[in-house]
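Okay, so here's the structure we're looking at.
Numbers restart at 1 for each chain; the letters A, B, ... are given by sequence-line order, proteins then strands.
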Amino acid sequence: MHLYDSVQKTKRKFEPLEEGKASLYVCGPTVYDDAHLGHAKSALVFDLLVRVLRANGYDVTYARNITDIDDKIIKKAAEQNKSIKEITGFYTEAFHQEMQALGVIRPDIEPKATESLEAMFTLIQKLIDSGHAYTTQEGDVYFDTSSDSEYLSLSKRVQEEDDKQQRVASSSLKKNSADFALWKSVQDGSVTFESPFGAGRPGWHLECSAMIEKHLAKEHQPYAVDIHGGGADLLFPHHENEAAQTRCATNHAIANYWIHNGFVNIEGEKMSKSLGNSFFLKDALKEYDGEVLRFYLLGSHYRSNFNFNTDDLQVAKKRLDKIYRLKKRLFGLSHNFEKTEFQTKLLEVLSDDLNISSALALIDEMISSANETLDTPGKHKALKKETLANFAYIEKVLGFGVKNPYEYFQHGVDPQTKEKIFDLIQKRNEAKKAKDFASSDKLRDEILAFGVNIMDTPDGTFWEKI
RNA sequence: GGUGCCAUCGCCAAGUGGUAAGGCCGCAGCCUGCAAAGCUGCUAUCCCCAGUUCAAAUCUGGGUGGCACCUCCA
């Protein structure tokens, strides 16, 4: 398996610390608001990575954190006159539900900042003891970036030359402008956590380093985890700082491989609150089947920037439809899991830095070929079994085609409408039987008005929501 | 200003040295009462210029045009 390492900027063969095992830590959401399409993309990318690693036989330990200590959370709680826990609990639950709708598998470990404070204290103390951190007069603890000769090696940035000026300009008590808070002292009585360094709250970057040490890191390994992932924007400063803390506090680097997923833009514009075009996942899920969103968001390479627009989403749906139409042709048949050449090829392209486009091309070719054969007379028993086994593999590795095909095509249609459609189809079939095609075509138009396509097959008339 | 990424058919999008995958749209056809679905066939020489090479979309140099990050951010 090969993965593009966004720090070394090259594709590297994946060689885990322990043979047959893989550990993966991904930066998860800060739960102060609804998840947007960017969160979805990131979660989906690492979901795919975990699935492909597992398909390659790795015993994967997958951790994705929940940041539940944050200024924005505290602010929101104050605004809405709610407790921190109410806010984080609500958005964590919403996040979980939305992830489930997208078919994202739950991480093996989902650490929360509030449950990892001890690990953070340990890390801070180590950094203070080793001279990599200092306490200011205000009671804040900062990481001393000048004490780390490898600082900025991750993001390959050049140290700012204007440190002196900035120190004069700001009233900050930081030694270097790049220094970042490990612990922020809070004296105003707002939400605080007790610590050996006084009351306050931890710095964001520290959370991930601490959680990795607590849950994944092992003694005598050169790296704490095999793979560390997150959105492309996290490389600097978040991951740079994480790497610095871990490097200076422990005797290992934080990660061997770095994976960063590309950003989601909406209709060509960056998603942001200030632009007002934030596309919340919950809104998208009201309109589209979660699996369609999964298929669409996963449909182009994880590293490229993704331009979300509804036209492309419709195109993606059409492509996913093809999987389900063939599944309808095979509905009700049983199969054994047999290994096919298709599956080998599929895993091969996915193992090359998650080449989803090649994978989809293979799937389309497999579908066309199966349809072609099924269109010819005969029972095609072997082909059907093989195709079903292929579909089972696609479900497992890609999470596509996991639903009942009939239900999939009825997404978003309420029971009353279904009944009406059913009645109209009955009437149309009667008209057809009487060769009253004028009436049957008129009835078909009525059905079409519901946004529903119908198709006559040897097994009867079926309908699909367009 | 610093750092980095990208530029392939109308649209989406693979391919990092060996002569352009796949999907959508379009056209022609098979099937169908007609459709829909399915199937078949057709449709690009890879932003520009120069270079390296037997061979380049793929490497090098120079342009042009997009984009991202630079301590809120998946």
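A donor and an acceptor atom, one from each side chain of T246(A) and S209(A), are located under 3.5 Å apart.
G38(B) atom P lies 14 Å from atom CG of L330(A), rounded to whole Å. Between F462(A) atom CZ and A35(B) atom C1' there is a gap of 17 Å when expressed in whole angstrom units.
Qualifying ring pair (Phe, Tyr, Trp, His ring centres under 6.0 Å) partners for Y408(A), counting only residues two or more places apart in sequence or in other chains: Y324(A). E150(A) meets the salt bridge (Lys or Arg N to Asp or Glu O under 4.0 Å) test with no other residue; sequence neighbours excluded.
Remark: S300(A), H301(A), N305(A) in residues 289-307 of chain A come within less than 4.0 Å of RNA chain B through at least one heavy atom. Contacts between residues 432-445 of chain A and RNA chain B, counted as heavy-atom distances below 4.0 Å, involve K432(A), F437(A), S440(A), D441(A), R444(A).
As judged by a 4.0 angstrom heavy-atom cut-off over every strand, L234(A) is placed among residues touching the sugar-phosphate backbone only.
Under 4.0 angstrom from either OP1 or OP2 of U71(B) there lies no side-chain N or O belonging to N241(A). Contact annotation: N453(A) side-chain N/O to A36(B) OP1/OP2 distance is not under 4.0 Å.
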Nucleic acid footprint by protein, nucleotides 17-31 of chain B - heavy-atom cut-off 4.0 Å, B for base, S for sugar-phosphate alone: ----BBSSS------

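Legend: salt bridge (charged side-chain N to carboxylate O under 4.0 Å, His left out) pairs involving residues 239-249 of chain A, not counting sequence neighbours, sorted by first then second residue: D148(A)-R247(A).
For the P atom pair drawn from U53(B) and U71(B), the interatomic distance equals 46 Å after rounding to whole Å. The C1' atoms of C24(B) and U64(B) are separated by 30 Å, rounded to the nearest whole Å. A gap of 24 Å separates the C1' atoms of C59(B) and C67(B), to the nearest Å. Taking atom P in both A14(B) and U32(B), the straight-line distance is 40 Å, to the nearest Å. Taking atom P on both nucleotides, C47(B) is separated from U58(B) by 8 Å, rounded to a whole Å.
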